[in-house]
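The structure presented is a predicted model; accordingly, all values stated were derived computationally and were not measured.
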Amino acid sequence: MTLLSEPCDDGITIVRMDGRLDLVTAAQVKQQLTELVAGGHRRLIFDLDRVSFVDSSGLGALISGLKVARQAGGDLRIARANQQVRTLLNLTMLERVLRPYETLEEARAGYSQIVAD
């Protein structure tokens, strides 16, 4: 598993991951998301384009990251999720809380709307 964060000029940090987000990798992802938020990166977009599989542990890591970001006054968005992830979100009804965006641009636009309101 590879997890990289890319801070952008607009205050959004894109988190990119390669591999599987599962029981083996979930604790590390959760820890890194917590560290990012603690370091001042409160507006996160988790890019799932290169994530091949997510299980319930991986979903728990994303929800944990969302909770930490929101407690710090930010948010965590997911973008470019594959069909398996979308199905998992629908089955668990978590798409209401952790809405998947089709593209990084759509996820970024959601943050822009918050600032504009």
Rounded to the nearest 0.5 Å, the OG1 atom of Thr34 sits from the NZ atom of Lys30 at a distance of 7.0 Å

Give the intermediate values and the outcome of side-chain contact (heavy atoms from CB on, under 4.5 Å) for residues Leu44 and Val37.
-> CA-CA 9 Å; Leu44 305 171; Val37 173; 3.9 Å; yes

Any donor-acceptor pair under 3.5 Å linking the side chain of Asp55 with the backbone of Leu23?
-> yes

Do you know the tightest heavy-atom contact between Arg20 and Ser52?
-> CG-OG, 3.5 Å

Does Val54 offer a backbone N or O that forms a donor-acceptor pair with the side chain of Gln84 under 3.5 Å?
-> yes

Checking Ser64 side chain against Gly60 main chain: does a donor-acceptor pair fall under 3.5 Å?
-> no

How about Ile45 and Tyr111: do any of their side-chain heavy atoms sit closer than 4.5 Å?
-> yes

When rounded to the nearest 0.5 Å, the distance separating CD of Glu95 from CD1 of Ile78 is 10.0 Å

Kindly give the heavy-atom pair with the smallest separation between Leu33 and Ala61, and that separation in Å.
-> CD1-O, 3.9 Å

Just do the side-chain contact (heavy atoms from CB on, under 4.5 Å) check on Val15 and His41 with the steps written out, would you?
-> CA-CA 11 Å; Val15 180; His41 303 275; over 6 Å; no

Output for pair (Leu98 CG, Thr92 OG1), nearest 0.5 Å, gives 9.0 Å

Ionic contact status for Glu106 with Arg80, cut-off 4.0 Å = no

Does Glu6 reach the side chain of Arg16, with side-chain heavy atoms less than 4.5 Å apart?
-> yes

Closest contact, heavy atoms only, Ala69 versus Arg42 = CB-O, 3.8 Å

With side chains defined as the heavy atoms from C-beta onward, is the minimum distance between Val85 and Asn82 less than 4.5 Å?
-> yes

Mind checking the CG-CG spacing from Leu94 to Leu62? Nearest 0.5 Å is all I need.
-> 10.0 Å

Closest non-hydrogen atoms of Leu76 and Leu66, given as atom of the first, atom of the second and distance, are O-CD1, 3.6 Å

Heavy-atom side-chain contact between Arg50 and Thr2 under 4.5 Å | no

Would a 4.5 Å heavy-atom cut-off, applied to side chains only, mark Leu88 and Phe53 as touching?
-> no

Quick one: do Tyr101 and Val97 end up in the same hydrophobic cluster if we chain Ile, Leu, Val, Met, Phe, Trp and Tyr together by side-chain heavy atoms under 4.5 Å apart?
-> no

Between Asp75 and Arg70, does at least one N-O distance fall below 4.0 Å, as a salt bridge requires?
-> yes

CG (Leu21) and CZ (Phe46) are apart, to the nearest 0.5 Å, by 5.5 Å

In Å and rounded to the nearest 0.5 Å, what is the CD1 to CZ distance from Ile12 to Arg108?
-> 5.0 Å

Test side-chain contact (heavy atoms from CB on, under 4.5 Å) applied to Leu89 and Leu59, step by step | CA-CA 8 Å; Leu89 289 169; Leu59 193 56; 3.6 Å; yes

For Ala26 and Ser57, which heavy atoms make the closest approach, and how far apart are they?
-> CB-O, 3.4 Å

